[in-house]
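First comes the structure, then the notes that go with it.
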Amino acid sequence: MEKNITLYEHTFLSLNSEYQELIRLAKIASENAYAPYSNFKVGASVLLENGLTFSANNQENICFPVGICAERILLGYTHANYPTVKPLMLAIAAKKADNTGYATVTPCGLCRQSISEYERKFAHPLEIIMYGPEDKVYIAKGIDQLLPYKFESLNK
Ligand code: THU
């Protein structure tokens, strides 16, 4: 079984204002990350189908596995409060641990699985916008582009 995956590469300035605004919100959220152990500050923002946007950031813990990524905090929060509203676009931005600028960040495996759950629930791909160094932006049109052979059925 062969699957092709595609990530689109853009520059920040070539994107329309909807994308730029989500990236801006993710960057602002990264400033407030609680990441005293990794110093890797991640911000995420989401646009819901009702037009509302929300953002969140990673929250670490002295017991390291207790920490939660920005993406899962954000999607958990929005789904808890807007359980019937589709998330359409998710942007991520992270500051390098050495504080020298923005990092190349893609969602971790747990977050990919979590994103895939909301896609499945809403039967709609979630566009994932990954901000990177030098104003580069990578876009995945749905979690299949990041998690092509995902776990998604208890009965197949
Ligand atoms: N992290 C996120 O919040 N999102 C990602 O996409 C990658 C990793 C967090 C987890 C941990 O707090 C820190 O970044 C270092 O892994």
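Just so you know, ligand 1 is whichever comes first in the structure, and atom 1 is the first atom listed for that ligand.
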Next item on the list: For the residue pair Leu48 and Pro87, establish whether any side-chain heavy-atom pair is separated by less than 4.5 Å.
Entry: yes
Notebook entry, point to check: Would you say Ile92 and Glu71 make side-chain contact, with heavy atoms under 4.5 Å?
Noted result: yes
Notebook entry, point to check: How are the rings of Tyr131 and Phe12 set to each other: parallel, tilted or perpendicular (split at 30° and 60°)?
Noted result: perpendicular
Notebook entry, point to check: Between Gln113 and Phe151, which heavy-atom pair has the shortest distance, and what is it?
Noted result: NE2-O, 3.0 Å
Check: Is there side-chain contact between Ile115 and Pro107, with heavy atoms separated by less than 4.5 Å?
Finding: yes
Next item on the list: Enumerate the protein residues lying less than 4.0 Å from ligand 1, judged by heavy-atom distances, in chain and residue-number order.
Entry: Ser38, Phe40, Val42, Asn58, Glu60, Cys69, Ala70, Glu71, Val105, Thr106, Pro107, Cys108
Next item on the list: Could you tell me which residues satisfy salt bridge (charged side-chain N to carboxylate O under 4.0 Å, His left out) with Arg112, sequence neighbours excluded, listed by chain and number?
Entry: none
